[in-house]
Number of protein chains: 2
Amino acid sequence: MAQKQEYLSKNQQIVLNLIEKAKGPLKAYSILYDVQKKGIKAPLQVYRALEKLIKIGKIHKIESKNAFIACNNSECEISKATAFSICNNCEHVKEIKNTKLSKYLSNFQDNSGMKYKKYNLEFFGLCKNCKLKQ
Amino acid sequence: MAQKQEYLSKNQQIVLNLIEKAKGPLKAYSILYDVQKKGIKAPLQVYRALEKLIKIGKIHKIESKNAFIACNNSECEISKATAFSICNNCEHVKEIKNTKLSKYLSNFQDNSGMKYKKYNLEFFGLCKNCKLKQ
DNA sequence: CTTAATTTGTTATAATATAACGTTTGTTAT
DNA sequence: ATAACAAACGTTATATTATAACAAATTAAG
């Protein structure tokens with residue numbers, strides 16, 4: 001489980017800190033708003049930091065929400081294998097840690113002859129809390 | 001396998017025809033451009049048609065590409081269970097038909113107590129063609 | 001040190017998507 | 001057939017998400 005050492009630049013560190021202390025996924029422009037006090041002024045500065053953080057696996061993008069969340073899972077080495085559960089009611093998002101699932105998907109092969117190097121899975125439903133309230 | 005009969009409105013039919021005859025996923029504004037000769041003038045007209053077509057399962061959205069593709073799969077009843085393979089090189093997108101996979105994911109449960117009603121899975125890699133060319 | 005690569009700051013703009021409004025069309029129940 | 005309701009329409013304006021292009025500053029490696 002060797003951790004690839006990555007040195008983050010100032011902007012990358014600022015953005016990562018914010019995302020890591022957030023309760024859920026953050027959107028790019030909300031990140032921008034929050035880091036303006038730290039001197040980051042333009043969307044591109046945020047997007048560039050996000051791009052790098054995704055590349056090194058520190059965060060993931062929730063594609064269906066255009067939002068970004070800290071990686072919470074040692075299984076998804078460098079963002080190659082991601083799975084999330086998303087509550088349709090409260091919008092709560094959680095990264096799924098499940099070895100069987102990740103093995104199943106990482107080894108998945110269909111008849112197309114394509115070898116998959118990466119996947120992203122998003123499950124939708126009602127979380128326990130919201131199920132009770134209905 | 002009873003087919004739910006759906007009557008499409010004029011705009012919905014125009015947009016669906018275009019998507020169905022396309023070779024791959026189409027983006028909303030490219031759809032708009034293509035259907036202007038048919039009288040559709042504004043983005044919202046396209047987005048409304050897309051929304052309905054997704055709802056009734058005629059098309060799917062490829063979230064990582066913000067693009068729309070015709071449904072090619074009797075397994076994904078009303079868009080509840082979708083899986084795609086996406087080539088990182090040529091951008092070719094194909095809906096995956098695989099009963100085992102869809103059963104596995106539809107029945108997937110983790111320890112969160114959440115019952116999943118819907119999922120979207122996107123696999124990335126190199127398709128057979130692009131693998132050869134490398 | 002110096003060369004190359006990465007990151008930065010900045011302005012402008014592209015691409016994607018929705019709000020709000022009033023009108024028209026289609027469906028259902030009488 | 002018509003009233004009542006729901007769905008779809010057309011239109012304008014605007015919100016949201018993301019990237020292009022360029023020059024300067026910083027950092028890593030030979």
Side-chain angles (χ1 to χ4, degrees), chain A residues 4-19 22 24-69 78-79 86 88 91 93 120 122, chain B residues 4-19 22 24-69 78 86 91 93 120 122:
Chain A
K4 192 172 171 189
Q5 176 68 52
E6 295 289 350
Y7 298 97
L8 297 180
S9 75
K10 185 173 125 274
N11 288 357
Q12 289 158 10
Q13 193 63 63
I14 291 169
V15 171
L16 179 59
N17 286 346
L18 184 69
I19 294 177
L26 298 179
K27 309 207 126 206
Y29 278 72
S30 115
I31 293 170
L32 175 58
Y33 179 85
D34 286 345
V35 298
Q36 294 204 322
K37 63 198 83 154
K38 307 260 184 189
I40 293 180
K41 290 175 189 156
L44 241 198
Q45 296 176 288
V46 171
Y47 279 104
R48 288 199 280 226
L50 291 171
E51 183 182 29
K52 181 67 186 295
L53 293 169
I54 288 171
K55 199 164 146 198
I56 65 178
K58 294 287 191 188
I59 66 171
H60 306 302
K61 181 172 185 181
I62 312 295
E63 294 286 356
S64 64
K65 296 194 155 321
N66 299 315
F68 303 87
I69 191 170
I78 317 295
S79 294
I86 302 171
N88 281 325
E91 310 249 296
V93 175
N120 178 56
E122 300 181 7
Chain B
K4 193 172 172 189
Q5 175 68 54
E6 296 288 350
Y7 298 97
L8 297 180
S9 74
K10 184 173 126 273
N11 288 357
Q12 289 157 10
Q13 193 63 65
I14 291 170
V15 170
L16 180 58
N17 286 346
L18 184 69
I19 295 177
L26 298 180
K27 308 208 126 206
Y29 278 72
S30 116
I31 292 170
L32 175 58
Y33 179 84
D34 286 345
V35 298
Q36 293 203 321
K37 63 198 84 155
K38 306 258 184 190
I40 293 180
K41 290 175 190 157
L44 203 42
Q45 296 175 288
V46 171
Y47 279 104
R48 286 200 280 225
L50 291 171
E51 183 183 29
K52 181 65 186 295
L53 293 169
I54 288 170
K55 199 164 146 198
I56 65 178
K58 294 287 191 188
I59 66 171
H60 305 302
K61 181 173 186 182
I62 312 296
E63 293 285 356
S64 63
K65 295 192 155 321
N66 299 314
F68 304 87
I69 192 170
I78 317 296
I86 302 171
E91 311 248 297
V93 175
N120 179 58
E122 300 181 7

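What you see below is based on every heavy atom in this structure, not just the backbone, and it leaves out hydrogens, waters and symmetry mates. Everything numeric in this text was worked out from a predicted model, so none of it was measured.
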| query | If you measure from CZ on A:R48 to CG on A:L50, what distance do you get to the nearest 0.5 Å? | reply | 12.0 Å
| Axis deviation across the helix from C:dC1-D:dG30 to C:dT30-D:dA1, five-pair ends, to the nearest 10° | 50°
| field | B:Y47 OH - C:dA19 P separation (whole Å) | value | 13 Å
| Nearest 0.5 Å, what's the CZ-CD1 distance between B:F68 and B:I54? | 5.0 Å
| Are B:I59 and B:I69 close enough that some pair of their side-chain heavy atoms sits under 4.5 Å apart? | no
| query | Taking side chain as C-beta onward, heavy atoms only, is B:H60 less than 4.5 Å from B:N120? | reply | no
Please tabulate, one pair per line, all N/O donor-acceptor pairs under 3.5 Å involving side-chain atoms of residues 31-44 of chain B, not counting sequence neighbours.
none

| field | Those residues that, when tested against B:E91, pass salt bridge (charged side-chain N to carboxylate O under 4.0 Å, His left out) (two or more places apart) | value | B:K65
| Within this structure, what is the CG-to-P distance between B:L26 and C:dA15, rounded to whole angstrom? | 16 Å
| query | Which part of the nucleic acid, if any, lies within contact of A:K61, taking any heavy atom under 4.0 Å across all strands shown: a base, the sugar-phosphate backbone alone, or nothing? | reply | sugar-phosphate
Between the protein and nucleotides 7-10 of chain C, which nitrogen or oxygen pairs come in under 3.5 angstrom?
| unit_1 | atom_1 | unit_2 | atom_2 | d |
| --- | --- | --- | --- | --- |
| C:dT7 | OP1 | A:K52 | NZ | 2.7 |
| C:dT7 | O3' | A:S9 | OG | 3.1 |
| C:dT8 | OP1 | A:S9 | OG | 2.7 |
| C:dT8 | OP1 | A:N11 | N | 3.2 |
| C:dG9 | OP2 | A:N11 | ND2 | 2.8 |
| C:dG9 | OP2 | A:Q45 | NE2 | 2.4 |
| C:dG9 | O5' | A:Q45 | NE2 | 3.3 |
| C:dG9 | N7 | A:R48 | NH2 | 2.4 |
| C:dG9 | O6 | A:R48 | NH1 | 3.1 |
| C:dG9 | O6 | A:R48 | NH2 | 3.3 |
| C:dT10 | OP2 | A:K41 | NZ | 3.4 |

| message | Run the side chain to side chain donor-acceptor pair (under 3.5 Å) test on A:S64 and B:E63 for me, step by step, so that the C-alpha distance in whole Å, both residues' side-chain angles and the decisive distance to 0.1 Å come before the verdict. | response | CA-CA 6 Å; A:S64 64; B:E63 293 285 356; 5.4 Å; no
| field | side-chain hydrogen bond (donor to acceptor under 3.5 Å, both in side chains) pairs, two or more places apart, involving residues 9-19 of chain B | value | B:S9-B:Q12, B:Q13-B:N17
| remark: In short, A:L26 meets A:I19 closest at the heavy-atom pair CD1-CA, 4.0 Å
| task | Could you list where the contact with chain A starts and ends along DNA chain D, reading 5' to 3', using a 4.0 Å heavy-atom cut-off? | result | D:dT17 to D:dA21
| query | How many Å lie between NZ on B:K65 and P on C:dA15, as a whole number? | reply | 16 Å
| task | Locate the shortest heavy-atom distance separating A:A28 from A:V46; write the atom from each residue and the value. | result | O-CG1, 3.8 Å
